[in-house]
**Student:** 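Structure in structure tokens, see below.
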Amino acid sequence: MEVMKKLEGASAILVKSVHYPGELVAFKRGSPLIVGINDNSFNRRISFNRMHEATDSAWLGETMECWLASDSSALIEHTRRVIVLEDNDVLHLAGGGYGIYNMNMTDVHEAVPRELLTLQSQVEHIMKNGYDHYMQKEIHEQPESLLSTMRGRVRVEFAPVPSSDKVSLNGQSPSTSSLQNYAGAVDAAPSTPPASTADGDPYLIPRVMLGGLLEHGTHIKRCRRIVMVACGTSFHACLATRQTLEELIGIPVSLELASDFLDRRCPVFRDDTCIFLSQSGETADTLCALEYAKGCGALTVGVTNTVGSAISRSTHCGVHLNAGYEIGVASTKAYTCQIVAVTMMALQLSEDSIARRARRDKTIDALGTLPLQVRRALQLDAQMRQLAEELKDTNSLLFFGRGHNYATALEAALKVKEVALIHSEGILAGEMKHGPLALVDRYLPIVVIATRDNVYTKMDGVIQQLLAREAKLYILCGEDDESMSQYESRGCVLLRVPETVDFLQPIVNIVPLQLLSYHLTVLRGFNVDQPRNLAKSVTVSEEMH
């Protein structure tokens with residue numbers, strides 16, 4: 001205990017000694033640490049109440065099987081019973097028992113209670129199931145993961161996926177765990193009868209229900225502003241949904257990169273609501289920003305994909321994504337599920353607005369067809385591989401987007417740079433004339449995201465200006481957008497995607513660009529699931545040093 005008190009910074013430490021056989025000590029501060037315990041009924045499993053009980057010969061002769069890891073996905077093939085350690089916890093394993101103590105307690109020798117959780121996932125969820133890489137599997141799992149995020153939370157008729165629409169890989173069908181009974185699975189979601197047949201006023205029945213927000217929903221609707229804090233891909237999800245929150249709730253929304261938020265010590269007030277997005281729920285900078293916001297008295301909301309994570313435990317309320325395990329370092333399905341989760345938050349918080357009712361209902365109805373739209377977007381896989389063959393030797397790649405799809409441009413550029421190791425930039429199309437236009441020539445490949453929304457006319461103007469400078473363009477546009485066909489004769493390549501409402505279009509648009517980054521990485525011979533110098537969860541921050 002004395003040694004642990006003198007340690008500084010984030011750490012997760014395991015100590016084993018030849019002088020104490022059959023015993024192990026683990027300590028956690030900042031970094032995640034999870035204990036998996038074999039619940040075999042033939043083994044005695046004892047939780048010590050006091051530290052000295054570990055020396056009792058009554059169970060020193062007993063044994064227990066356990067595993068320690070930083071993420072539950074590493075434990076699921078061994079056990080489904082886990083304990084999530086909290087900061088400054090010390091775990092002592094001895095014989096057939098264990099004790100958990102916390103250095104912040106007045107009496108450090110008295111054990112603290114920690115809940116024994118049961119993981120809901122199966123071993124199949126962490127297997128590749130016929131895919132070549134985890135990233136490929138997770139991209140193709142997105143229709144199912146989106147459905148899981150919405151299941152039980154949205155009252156809408158979901159559109160089933162015809163079997164002919166299912167994507168095949170190398171002539172083989174994807175794994176049954178990700179595609180089998182897909183149409184049947186959506187039937188499990190609650191549905192609402194059409195307005196014309198519903199008894200009484202159909203709007204008295206909430207169409208979106210997030211249980212994690214019920215207690216604090218009124219507080220959020222009355223706050224002065226919403227501050228969204230995240231890092232990396234999660235920040236792009238914030239950017240994609242900022243306009244959705246502002247339009248539906250009518251509250252100003254500011255975006256903050258967690259590291260910059262901490263550097264500036266941004267003013268936060270008690271009537272602010274701070275939303276923290278993190279796939280792992282353990283992102284160090286986001287956690288530090290969360291503690292800072294709580295210290296300022298703000299209401300904190302967490303959006304994570306990991307039950308029992310530090311962010312889910314530390315926030316006042318939140319939403320779990322239910323996206324399933326994401327093993328590949330590059331986040332794909334968690335990103336699209338984050339957009340859906342925040343969109344559902346906006347829909348729930350705006351349910352009492354009559355002026356926005358039509359907009360809300362159109363968006364909720366679009367959620368019902370979203371998994372189908374994403375499945376259709378996955379059918380661009382072959383075209384994206386062909387495009388990757390063409391671009392694999394390029395040294396730089398630009399993505400232009402605007403409005404909701406500025407986030408799509410940034411996320412696509414991030415995916416290309418982090419896995420394919422190609423320099424790429426996502427550029428706000430409105431800033432094109434303020435510097436980026438100088439880079440444009442016939443050799444630099446540029447992807448322009450121009451699906452039909454409120455900035456469509458402006459994006460059409462961007463395309464014409466780029467073509468006037470002989471740019472090499474790849475235009476991502478709607479599958480029924482005939483006006484874009486004129487650019488094919490001018491040397492442009494059209495990437496046609498299904499169209500949905502503007503709030504959800506970034507989800508559909510990012511899918512082919514995820515596929516592009518994946519195929520670029522494979523063709524360039526790099527590790528898809530473990531890019532160099534990167535980790536899945538960034539659990540170390542300069543703030544912790």
Side-chain angles (χ1 to χ4, degrees), residues 1-119 126 280 282 284 287 306 308-310 313 530 535-541 543-545:
M1 287 291 189
E2 294 302 319
V3 173
M4 302 303 180
K5 290 179 180 178
K6 295 179 180 180
L7 295 177
E8 297 181 359
S11 59
I13 300 172
L14 275 63
V15 180
K16 192 82 171 65
S17 172
V18 294
H19 301 291
Y20 297 91
E23 296 187 49
L24 181 145
V25 175
F27 168 74
K28 163 196 159 26
R29 180 190 290 140
S31 298
L33 187 60
I34 300 175
V35 184
I37 296 177
N38 189 342
D39 238 1
N40 191 326
S41 59
F42 295 102
N43 289 342
R44 292 178 60 196
R45 182 172 45 76
I46 301 158
S47 178
F48 306 134
N49 295 317
R50 302 282 302 179
M51 191 175 295
H52 67 81
E53 294 182 16
T55 61
D56 194 326
S57 59
W59 49 72
L60 279 179
E62 301 287 338
T63 61
M64 65 179 294
E65 193 173 22
C66 65
W67 298 264
L68 290 96
S70 60
D71 191 271
S72 58
S73 61
L75 304 175
I76 190 65
E77 61 180 303
H78 304 291
T79 181
R80 297 176 62 190
R81 302 288 280 169
V82 300
I83 298 174
V84 180
L85 299 183
E86 299 184 7
D87 274 353
N88 298 306
D89 274 356
V90 177
L91 169 71
H92 182 205
L93 297 169
Y98 68 93
I100 301 175
Y101 314 92
N102 192 281
M103 295 195 307
N104 290 341
M105 300 292 290
T106 304
D107 184 358
V108 295
H109 296 279
E110 181 177 358
V112 295
R114 292 289 180 260
E115 185 179 1
L116 188 62
L117 304 173
T118 301
L119 299 176
I126 62 171
S280 66
E282 302 285 351
L287 270 172
T306 308
S309 63
R313 296 195 310 268
Q530 294 179 313
K536 181 61 178 172
S537 300
V538 183
T539 57
V540 178
S541 166
E543 295 288 325
M544 295 181 173
H545 294 165

**Student:** For a 4.5 angstrom cut-off between non-hydrogen side-chain atoms, does Leu91 reach Leu33?
**Tutor:** no

**Student:** Looking only at non-hydrogen atoms, find the nearest pair between Ala310 and Glu282 and report the distance.
**Tutor:** N-OE2, 3.2 Å

**Student:** For Met64 versus Gly97, what's the shortest heavy-atom pair and its separation?
**Tutor:** SD-O, 3.6 Å

**Student:** How would you list, by chain and number, every residue that makes a side-chain contact (heavy atoms from CB on, under 4.5 Å) with Glu86, sequence neighbours excluded?
**Tutor:** Asp89, Arg114, Arg313

**Student:** Could you pull out the closest heavy-atom pair between His92 and Tyr101, with the gap in Å?
**Tutor:** CB-CE1, 4.0 Å

**Student:** Excluding sequence neighbours, so at least two apart, what forms side-chain hydrogen bond (donor to acceptor under 3.5 Å, both in side chains) with Thr118?
**Tutor:** Arg81

**Student:** Can you list everything that forms a side-chain hydrogen bond (donor to acceptor under 3.5 Å, both in side chains) with Thr306? Sequence neighbours excluded, please.
**Tutor:** none

**Student:** What are the two closest heavy atoms between Ile34 and Ser70, and how far apart are they?
**Tutor:** CD1-O, 4.2 Å

**Student:** Determine the minimum heavy-atom distance between Thr79 and Ile37, stating which atoms define it.
**Tutor:** OG1-O, 2.8 Å

**Student:** Working to the nearest 0.5 Å, report the span between CG of Asn102 and NZ of Lys28.
**Tutor:** 10.5 Å

**Student:** Evaluate Tyr20 against Val25 for side chain to side chain contact (heavy atoms under 4.5 Å, CB included), listing each step before the verdict.
**Tutor:** CA-CA 10 Å; Tyr20 297 91; Val25 175; over 6 Å; no

**Student:** Not counting sequence neighbours, which residues clear side-chain contact (heavy atoms from CB on, under 4.5 Å) with Met103? List them please.
**Tutor:** Met1, Met4, Lys5, Phe27, Arg29, Asn88, Val90

**Student:** Do you know the tightest heavy-atom contact between Leu85 and Ile100?
**Tutor:** CD2-CD1, 3.8 Å

**Student:** Could you check if a side-chain atom of Val35 sits within less than 4.5 angstrom of a side-chain atom of Tyr98, using non-hydrogen atoms only?
**Tutor:** no

**Student:** What residues, two or more places apart in sequence or in another chain, satisfy side-chain contact (heavy atoms from CB on, under 4.5 Å) together with Ala69?
**Tutor:** Ala74, Leu75

